[in-house]
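Structure incoming, see below.
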Amino acid sequence: MARVSSLPEPRRSALLTGWGRTSPTRAEVLAPVSAAELDRALCDPPSRGMVARGLGRSYGDAAQRSGGRVIDLTGWTDVDLDIDTGDCRARAGTSIDTLLRVLVPRRFFVPVTPGTRFVTLGGAIAADIHGKNHHRRGSFGSHVSSMVLRTADGQRRTISPDREPALFWATVGGMGLTGVIEEATFRARPIASSRISVLAERTRNLDESIARLIELDQTAEYTVAWVDLAATGARAGRSVITSGRFAQPDELPKRWVGSPFAYDPGLPIDVPVTPPPIVLNPLSIRAFNEAWFRKAPRRPKEMISSIPGFFHPLDLVGSWNRIYGPKGFLQWQCVVPDSATDVLAGIMRQFTRTGGRSFLTVLKRFGPANEAPLSFPLAGWTLTVDVPVGDPDLPRLLDRFDEQVAEVGGRIYLAKDARMRPELLAAMYPRLAEWQEVRASVDPHGLIRSDLSERLGLS
Ligand SMILES: Cc1cc2nc3c(=O)[nH]c(=O)nc-3n(C[C@H](O)[C@H](O)[C@H](O)COP(=O)(O)OP(=O)(O)OC[C@H]3O[C@@H](n4cnc5c(N)ncnc54)[C@H](O)[C@@H]3O)c2cc1C
């Protein structure tokens with residue numbers, strides 16, 4: 001790589017956080033848009049190291065480097081779709097929002113989408129994201145056929161499951177620590193229309209929710225359960241389960257028949273900077289959960305939904321993370337194997353006993369893990385809770401949950417983490433040493449580092 005002294009513009013110093021808005025740290029941010037600028041951004045890294053950043057939708061500190069350099073790739077966008085095969089090559093800063101605007105009118109969809117379309121392709125691979133179809137299709141990395149990776153030594157490597165497989169799988173789920181992903185090719189999925197045929201149903205308690213989700217594994221392409229963790233007694237664990245698949249054109253309501261592949265996600269509405277205090281009140285959290293449950297149909301109901309309505313409902317409100325106030329919030333997401341379903345149920349009960357202060361609790365089944373040593377999903381159950389920061393008992397409670405999860409062979413999702421204790425990492429990710437060896441082979445001096453990697457001793 002040519003070494004030059006000047007750095008790309010725009011360059012700025014910025015205080016960065018993840019989506020949870022906890023742990024802000026300052027870094028020099030470089031935003032390359034050309035190959036020459038990317039070359040220069042990777043040159044002469046500061047002693048505190050550097051890391052890539054996408055749209056900052058990881059909840060904790062994965063895309064931050066305190067006192068170092070953050071390479072913002074959101075200007076690094078381009079999409080090239082082969083409409084015969086669905087092979088889609090895109091630059092790593094391309095968002096799922098942009099990808100869907102290209103893919104859907106051409107009768108394709110991303111193989112995996114998270115709960116927001118505002119994540120980049122690089123962020124999707126680095127976190128090996130999962131969606132409502134993990135039980136059927138696995139995580140994002142499993143659909144990537146090749147990537148171009150810039151490693152810390154400045155090399156530009158094309159890697160795939162066949163070519164440099166160890167580095168490929170260490171990069172999938174590798175939280176940006178093997179290098180900067182420049183571009184990737186993945187296989188998009190053909191769709192029958194741009195609408196989803198959705199079945200919404202209520203369950204009365206956790207046992208019913210678990211049984212129904214297991215049943216839906218066999219039949220539904222997409223499934224998820226929203227759980228009312230504020231409910232107690234016989235109603236504990238009651239849920240609203242939604243499952244879905246892309247609708248056939250002849251199932252569409254008349255007004256959409258003429259435009260079966262139309263896609264218009266619209267613009268998010270912004271929330272006020274200062275949220276009304278009632279939003280943060282525990283009673284209002286209970287009321288919100290109750291209202292959400294009651295909003296769902298009493299009897300199973302089929303409906304046709306839009307892509308944003310089914311996959312990305314939170315995107316309808318921009319910056320909704322501000323609703324938790326200035327201290328921010330934590331999203332705690334674990335996965336436990338099927339054999340530990342009772343442990344998961346116990347965690348949910350303990351959470352409810354301590355006040356159940358989660359606005360949004362999501363339960364979902366995962367299918368088998370892929371080959372990536374740091375990938376989060378493994379076959380079993382994943383539970384996600386959103387909790388405002390500030391409750392003095394919260395850190396101890398979550399530490400206890402982490403221990404219970406690690407004991408049964410489960411793990412915490414690094415893309416959501418902002419607080420885990422480092423000593424649990426190796427138990428949760430038993431292939432950590434193997435991953436660290438691959439990483440060290442491409443970055444022996446530890447030039448690529450993030451606040452997350454330092455906090456957890458990953459690098
Ligand atoms: C509302 C909401 C819903 C979500 N739902 C889900 C979900 O359903 N499933 C799920 O799996 N996740 C979910 N997430 C988490 C999100 O998908 C991941 O955190 C994703 O990594 C964010 O992508 P990003 O572009 O914002 O990356 P950032 O948050 O900016 O970075 C995340 C990681 O990717 C690395 N990275 C980014 N770009 C590159 C690159 N070009 N090269 C190398 N490394 C790079 C960063 O270094 C960092 O380690 C959700 C997040 C939000 C806010």
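As the structure is a prediction and not an experimental result, all values here were calculated from the model.
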Non-hydrogen atoms of Ile448 and Gly176 that approach each other most closely
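Heavy atoms of Ile448 and Gly176 come nearest at CG2-O, 3.3 Å.
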
List for me each residue that meets side-chain contact (heavy atoms from CB on, under 4.5 Å) alongside Arg419, sequence neighbours excluded, and say none if there are none.
Leu330, Trp332, Leu398, Asp399, Asp402, Asp417

Flag, side chain of Lys364 to backbone of Lys132, donor-acceptor distance under 3.5 Å
yes

Any side-chain donor paired with an acceptor under 3.5 Å for Thr203 and Ser209?
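There is such a pair between these side chains.
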
Any idea how His130 and Tyr413 line up, ring-wise: parallel (<30°), tilted (30 to 60°), or perpendicular (>60°)?
tilted

Could you pull out all residues at least two apart from Phe246 that satisfy side-chain contact (heavy atoms from CB on, under 4.5 Å)?
Phe109, Ile191, Ile196, Tyr222, Ile307, Phe311

Tell me yes or no: between the side chains of Ser66 and Asp451, is some donor less than 3.5 Å from an acceptor?
no

Counting only N and O atoms by type, is there a donor-acceptor contact under 3.5 Å from the side chain of Thr158 to the main-chain atoms of Val148?
no

Please work out which of the three classes, parallel, tilted or perpendicular, describes the rings of Phe351 and Phe401, given edges at 30° and 60°.
tilted

I need the Leu374 CG to Asp128 CG distance, nearest 0.5 Å.
10.0 Å

Within-4.5 Å side-chain heavy-atom neighbours: Ser95 and Phe118
no

Could you tell me whether the side chain of Arg212 and the main chain of Arg202 form a donor-acceptor pair under 3.5 Å?
no

Given 3.5 Å as the limit, does a donor-acceptor pair link the side chain of Arg439 with the main chain of Leu177, or not?
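Checking the backbone N and O of Leu177 against the side chain of Arg439, a donor-acceptor pair under 3.5 Å is found.
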
Taking Trp435 for the side chain and Ala170 for the main chain, is one N or O donor matched with an acceptor at less than 3.5 Å?
yes

To check you understand the geometry: which heavy-atom pair defines the closest contact between Arg101 and Arg106, and what is its length?
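That closest heavy-atom pairing would be O-NH1, 4.3 Å.
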
Could you tell me whether Arg107 atom CZ has more than 12 heavy atoms of other residues or ligands within 6.0 Å of it?
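Result for CZ/Arg107: open.
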
Can Thr384 and Gln331 be counted as having a side-chain donor-acceptor contact under 3.5 angstrom?
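There is no such pair between these side chains.
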
Are side-chain heavy atoms of Pro337 and Leu378 found at a separation under 4.5 Å?
yes

Determine the minimum heavy-atom distance between Ala188 and Pro111, stating which atoms define it.
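Minimum heavy-atom separation between Ala188 and Pro111: CA-CD, 4.4 Å.
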
Without swapping roles, check the side chain of His135 against the backbone of Leu213 for a donor-acceptor pair under 3.5 Å.
no

Heavy atoms of Gly122 and Ile181 approach each other most closely as O-CD1, 3.9 Å

Does any non-hydrogen side-chain atom of Leu229 lie less than 4.5 Å from one of Asn289?
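With C-beta onward as the side chain, the pair stays apart.
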
Side-chain donor-acceptor contact under 3.5 Å, Ser146 with Arg163
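Distance-only check fails for Ser146 and Arg163.
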
Among Val240, Leu216, Thr242, which one satisfies side-chain contact (heavy atoms from CB on, under 4.5 Å) with Glu201?
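Option passing the side-chain contact (heavy atoms from CB on, under 4.5 Å) with Glu201: Leu216.
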
Using only atom types and a distance under 3.5 Å, with no angle test, would you say the side chain of Tyr429 pairs donor to acceptor with the backbone of Ile412?
yes

Treating Arg117 as the side-chain partner and Asp97 as the backbone partner, does any N or O pair qualify as donor plus acceptor under 3.5 Å?
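Not at all, since once roles are kept as given, no pair shorter than 3.5 Å links the two residues.
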
Are Phe186 and His143 close enough, and set up right, to give a ring-ring contact (aromatic ring centres under 6.0 Å, His included), and what steps lead you there?
CA-CA 5 Å; Phe186 64 89; His143 302 270; 8.8 Å; no

Would you say Thr223 and Arg365 are linked by a side-chain donor-acceptor pair, where the criterion is simply a distance under 3.5 Å?
no

When you look at CZ of Arg89, are more than 12 heavy atoms from neighbouring residues, nucleotides or ligands closer to it than 6.0 Å?
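No, the 6.0 Å shell around CZ holds no more than 12 heavy atoms from other groups.
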
So Val110 and Cys88, side chain to side chain contact (heavy atoms under 4.5 Å, CB included) or not? Walk me through it.
CA-CA 9 Å; Val110 285; Cys88 184; over 6 Å; no

Between Arg238 and Glu208, does any side-chain N to carboxylate O distance fall below 4.0 Å?
no

Could you tell me which non-hydrogen atom of Pro265 sits nearest to which non-hydrogen atom of Pro308, and how far apart they are?
CA-CG, 3.8 Å

How far apart are the closest heavy atoms of Ser305 and Phe310, and which atoms are they?
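Heavy atoms only, the tightest pair is OG-N, 3.3 Å.
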
With a 6.0 Å cut-off (strictly less than), is the heavy-atom count around CZ of Arg136, excluding the residue itself, greater than 12?
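Yes - once you tally the heavy atoms of other residues, nucleotides and ligands closer than 6.0 Å, there are more than 12.
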
Side-chain contact, heavy-atom cut-off 4.5 Å: Asp228 with Ser239?
no

Sequence neighbours excluded, every pair satisfying side chain to side chain donor-acceptor pair (under 3.5 Å) that has a member inside residues 175-195:
Asp87-Arg187, Arg150-Glu182, Arg156-Glu182, Thr171-Thr178

Minimum side-chain heavy-atom gap Gln64-Arg53 below 4.5 Å:
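Sidechains of Arg53 and Gln64: in contact.
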
Does some side-chain heavy atom of Pro377 sit less than 4.5 Å from a side-chain heavy atom of Val335?
no

Given the rule in the side chain to side chain contact (heavy atoms under 4.5 Å, CB included) test, do Leu55 and Val119 qualify, once you have shown the distances and angles that lead to the verdict?
CA-CA 6 Å; Leu55 279 160; Val119 307; 5.5 Å; no

Polar side-chain atom of Arg21 near backbone of Gly325 as donor-acceptor pair, under 3.5 Å:
yes

Measuring only between side-chain heavy atoms, which start at C-beta, is Val144 closer than 4.5 Å to Ile125?
yes

Gap between atom OH of Tyr59 and atom OG1 of Thr17 - 0.5 Å precision
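Separation between the atoms: 12.0 Å.
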
Can you list the steps and then say if Glu28 with Met50 is a side chain to side chain contact (heavy atoms under 4.5 Å, CB included)?
CA-CA 9 Å; Glu28 168 194 49; Met50 60 185 172; over 6 Å; no

Over 12 non-hydrogen atoms of neighbours within 6.0 angstrom of CD1 in Ile83:
no

Under 3.5 Å side-chain donor-acceptor pair for Asp72 and Thr74
yes

Taking the six-membered ring of Phe376 (Phe, Tyr or Trp), confirm whether the NZ or CZ of Lys416 is under 6.0 Å from its centre and within 45° of its axis.
no

Answer whether the closest heavy-atom distance between the side chains of Pro260 and Leu252 falls below 4.5 Å.
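Yes - at least one pair of side-chain heavy atoms lies under 4.5 Å apart.
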
